[in-house]
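Okay, structure first, notes after.
So you know, we letter chains A, B, ... as the sequences are listed, proteins then strands, and number each from 1.
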Protein chains: 4
Amino acid sequence: MHPTSRPKRSAVRRRAETAPQRSRRAQEPNQRRKSILDAALDEFAARGFAAARLDDVARRAQVAKGTIYLYFRDKESLFQELVRSMLSPLIAAIESAATREVPVRTLCELIADTFVCEIYGTRRKDVLRLIITEGPRFPELAEFYYREVIARVLPVMRKRLNLAVSRGELRHDALARFPQLLVAPALTAIVWSGLFERFAPLDVRELMRAHLDLIFGAAS
Amino acid sequence: MHPTSRPKRSAVRRRAETAPQRSRRAQEPNQRRKSILDAALDEFAARGFAAARLDDVARRAQVAKGTIYLYFRDKESLFQELVRSMLSPLIAAIESAATREVPVRTLCELIADTFVCEIYGTRRKDVLRLIITEGPRFPELAEFYYREVIARVLPVMRKRLNLAVSRGELRHDALARFPQLLVAPALTAIVWSGLFERFAPLDVRELMRAHLDLIFGAAS
Amino acid sequence: MHPTSRPKRSAVRRRAETAPQRSRRAQEPNQRRKSILDAALDEFAARGFAAARLDDVARRAQVAKGTIYLYFRDKESLFQELVRSMLSPLIAAIESAATREVPVRTLCELIADTFVCEIYGTRRKDVLRLIITEGPRFPELAEFYYREVIARVLPVMRKRLNLAVSRGELRHDALARFPQLLVAPALTAIVWSGLFERFAPLDVRELMRAHLDLIFGAAS
Amino acid sequence: MHPTSRPKRSAVRRRAETAPQRSRRAQEPNQRRKSILDAALDEFAARGFAAARLDDVARRAQVAKGTIYLYFRDKESLFQELVRSMLSPLIAAIESAATREVPVRTLCELIADTFVCEIYGTRRKDVLRLIITEGPRFPELAEFYYREVIARVLPVMRKRLNLAVSRGELRHDALARFPQLLVAPALTAIVWSGLFERFAPLDVRELMRAHLDLIFGAAS
DNA sequence: TATGAATGAGGATTCATTCAT
DNA sequence: CATGAATGAATCCTCATTCAT
């Protein structure tokens, strides 16, 4: 049995024929879609794509199972649209941040802060973790993420970091050559929290600060 | 077979006489177990735990479906034992490496090299990726990894890094406070390779080298 | 379906367009439940619990395999609910019969008639046979039967029989001490019919009558 | 899951290559056969035919699984031969008893005593219970029992009882017409013990005595 | 003969998806 | 649009039976 075991639902079907007409059309279509996505995030995050059940998503979203199919073609579409919709607002934010005209250290601090506040402290952390855990079996998703996030941010960062190197803001070009090193701790924090939170919680803010110290020297 | 009225199974079961007498008992038991684990790694790595089919594992291992159950209690056991068996030899190696009496930079280079050659270049990379992707739904697995790897290595590294700080080998205590920062690029490389290899392969050796440059300053 | 490389299930699944549109939602839920129980009784009676296949139950009930699980948690639940639901109406009947204010011989004749008409001549015979044959491996079932039937009827009968003894309606207290003796022939008939009907059918009505003769003396 | 649940066996195969050559050929072939039958009775009695596992039979009999197939064609043969071999000695005994030249009450007491001591108090009770519980799905077995036991004993008993009626030893011919009534309490005791022993143990000796009282009047 | 590892058909159960209402 | 009962393909796991040793 899969380890994160789920309580067996009773098979008894109560078919109250007089059931009080529960709020059909109570919500806007958009609101419905939203609540399905919300529920989906909870379920996918808790169980992973394969083990999540649309039944549970529907229950959590307070809609019928069939309703999900009015908004999403199938389970996979739901998953992909979920990830995409959560990512979109982030992408703009990251992109604009990356082009700020500030010292590189400030920029990196900004990025770190954004990560801590806007991602790690929110459900977006779950979305990123889903990309990490499910991405390998969802080539399309990985591609989407690469195209929309990585491919946009990486060159900008690389350029900015190269500039910093040439200006002497950075001691060497390691970061410019591998901007991945800049976000590695963020990724590590997400993975760590999913695996070891119970045993050894991580102070992410401090982790990010330490990382910046490592790169730029201790904060003044 | 139960007697009443259903066709005798034995009549159905008799193997086609022309079947190519495929090697029963061809290998020793340990070899069988090994080939099952091998096949399992392939399947789990390719599809993830939930989507992998024991049928495919059996086919790949050239054994019958039932044979798997002679060696492993169930799918989950197979998965867990797979991870554990692949990790065990690594644990000793890491531990001994961590206690080497060498300058801290040398130690870190050693670790990086070991990662590149012994993990990233081998199937062990897949095992680590499985821990990352499946760990969140396998608390036992996460705990095993924490207990056997993290909990052993982290304190040793922390002590060693603190010593380095006090000796002036390191400019500041960021790494000592968060040894996770030391391995973050390795983790990042594993995640990256699972998601973006197709779009942008990563030169891990260079990545690790750059990371060390970042920490210790450019190599002389 | 999991995305990677396996053929999309949906492609496989699309029902043949020429399939004879067989009555979905044709019956009301209670009718469905009933037809599943009906089919289950047939199958369990014919093969026993272990050898009965839910596949056959579904086919016989004209529902899909999965439908069974909408109404019953699992095979065992189906079996137990089957027995319980068939027994319930009987329990009330027996109880009310046992408390009738009539001469003890009349009472016993009434019980015998009820057995012959309401049990032996109906599918309830199969239910009782199932209790006999499967009860030893279904402690819960045996307990249910003991609690709901035996424990209710036995004391009442014992009291009534003792009264009959004290009134001189019975020649001795054998029956009062072991009311089981009163129903032993009924049980025997059920067992006999399951084993030897083919070789030597039993005239149950006569058997019961003979039994009463044995107890009370030949009928006048 | 079947209710009489079985502890999951560990899937770990310990293949001690140096295992101490355990008593091959330690026993006579007949002894082996006997110990297999013994073990089979235990397992079939405990779980029923379908749920009993030859694995367990083999373990209990201290032989290898394959060895069973040297002595019995298949599971069903084992079961049938088990029942037959346990029944054979009984048949002769019953037959000779039935032809004894004693008063009919004495004869019935003898039969009752034999039942209590030779069947109910021994493993033969389990055999009879197996006939009752498994017979319906084993037409051959039911036929065997009918042919070897019922068809031999019933006519003899009927004749003897008719004689008793004509001699005035019996008040009426109920028993002669339905000799089943004579054994009904024995059968009831076997069924009862399998189902309700836990809740209400039955004093079989007293039950049989009471039954005889019922038939012949209270003992002098 | 005896062994027990290997086999693979069989069957219970799950759950994404459909569609009559 | 919304519902949720119904569907049935998919897959895990069991265990009677075989056969190389």
Side-chain angles (χ1 to χ4, degrees), chain A residues 1 11 13 15 22-26 29 32 50-56 58 63-71 73-76 78, chain B residues 1 6 9-10 12-15 21-27 29 32 50-56 58 63-71 73-76, chain C residues 1 6 9-10 12-15 21-26 29 32 50-56 58 63-71 73-76, chain D residues 1 13 15 22-26 29 32 50-56 58 63-71 73-76 78:
Chain A
M1 222 201 50
R13 300 283 134 170
R15 251 155 292 90
R22 202 163 22 83
S23 62
R24 282 191 179 210
R25 304 299 311 270
R32 291 218 135 192
R53 299 201 285 99
L54 291 191
D55 241 341
D56 291 334
V63 300
K65 208 165 11 149
T67 304
I68 295 174
Y69 288 84
L70 297 175
Y71 293 91
R73 183 149 39 86
D74 55 17
K75 191 184 182 186
E76 195 184 324
L78 170 58
Chain B
M1 254 291 304
R6 213 135 355 119
R9 198 191 297 175
S10 48
V12 174
R13 279 204 181 179
R14 233 167 277 296
R15 213 149 343 125
Q21 193 70 13
R22 206 165 19 88
S23 62
R24 279 183 172 231
R25 297 300 298 277
Q27 323 166 63
R32 284 222 138 191
R53 295 180 312 182
L54 291 192
D55 234 352
D56 291 335
V63 300
K65 228 180 321 170
T67 304
I68 295 174
Y69 291 87
L70 295 177
Y71 294 90
R73 188 202 310 286
D74 55 16
K75 191 183 180 185
E76 194 186 324
Chain C
M1 254 292 303
R6 218 143 342 127
R9 199 193 294 176
S10 47
V12 174
R13 278 206 184 177
R14 235 167 277 292
R15 215 149 340 124
Q21 193 70 13
R22 210 168 12 90
S23 62
R24 277 182 174 231
R25 294 303 296 279
R32 282 219 140 195
R53 296 178 313 181
L54 290 192
D55 234 353
D56 291 335
V63 300
K65 228 180 321 171
T67 305
I68 295 175
Y69 290 86
L70 295 178
Y71 294 90
R73 189 201 308 288
D74 56 17
K75 192 184 180 183
E76 194 187 324
Chain D
M1 222 199 53
R13 301 283 133 169
R15 252 157 291 91
R22 202 163 23 83
S23 64
R24 281 191 181 210
R25 300 301 308 271
R32 289 216 137 194
R53 299 202 282 99
L54 291 190
D55 240 341
D56 291 334
V63 302
K65 206 163 15 146
T67 304
I68 295 175
Y69 286 84
L70 297 176
Y71 293 90
R73 182 149 41 86
D74 54 18
K75 192 186 181 185
E76 196 185 323
L78 170 58

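- Spacing between atom CD1 of C/Ile68 and atom C1' of F/dG8 amounts to 12 Å, rounded to whole angstrom units.
- The separation between B/Asp74 atom CG and E/dA12 atom P is 20 Å, rounded to whole Å.
- If you measure from atom CZ of B/Arg73 to atom P of F/dC12, you get 17 Å, rounded to the nearest angstrom.
- Closest of all the heavy-atom pairs between D/Ala50 and C/Ala50 is CB-CB, 3.4 Å.
- One atom, OH of C/Tyr71, and another, P of E/dT14, lie 17 Å apart when rounded to the nearest Å.
- You'll find that the side chain of A/Lys65 is closest to E/dA16, out of E/dG8, E/dA16, F/dT3.
- Minimum atom distance to the side chain of C/Ala64 is reached by F/dG8, of the listed F/dT3, F/dT17, F/dG8.
- B/Leu70 places its CG atom 17 Å from the P atom of F/dC12, with the value rounded to the nearest Å.
- At whole-Å resolution of the value, CZ in D/Arg53 and P in E/dG10 are 20 Å apart.
- Between the CG atom of D/Asp56 and the P atom of F/dT14 there is a distance of 13 Å, rounded to whole Å.
- Distance check, rounded to the nearest 0.5 Å: CD1 of B/Ile68 to CZ of B/Arg73 gives 15.5 Å.
- Contact check for D/Leu54 versus D/Leu78: side-chain heavy atoms found under the 4.5 Å cut-off.
- In the set F/dC13, E/dT7, E/dA12, E/dT7 carries the atom at the smallest distance from any side-chain atom of B/Thr67.
- Base pairing analysis places F/dT7 opposite E/dA16; the two distances defining the Watson-Crick or G-U wobble pair are each below 3.5 Å.
- Under the Watson-Crick and G-U wobble criteria, each requiring two contacts below 3.5 Å, nucleotide F/dT21 is paired to E/dA2.
- Summarising the geometry, the separation between CG on D/Leu54 and C1' on E/dT3 is reported as 15 Å, rounded to the nearest angstrom.
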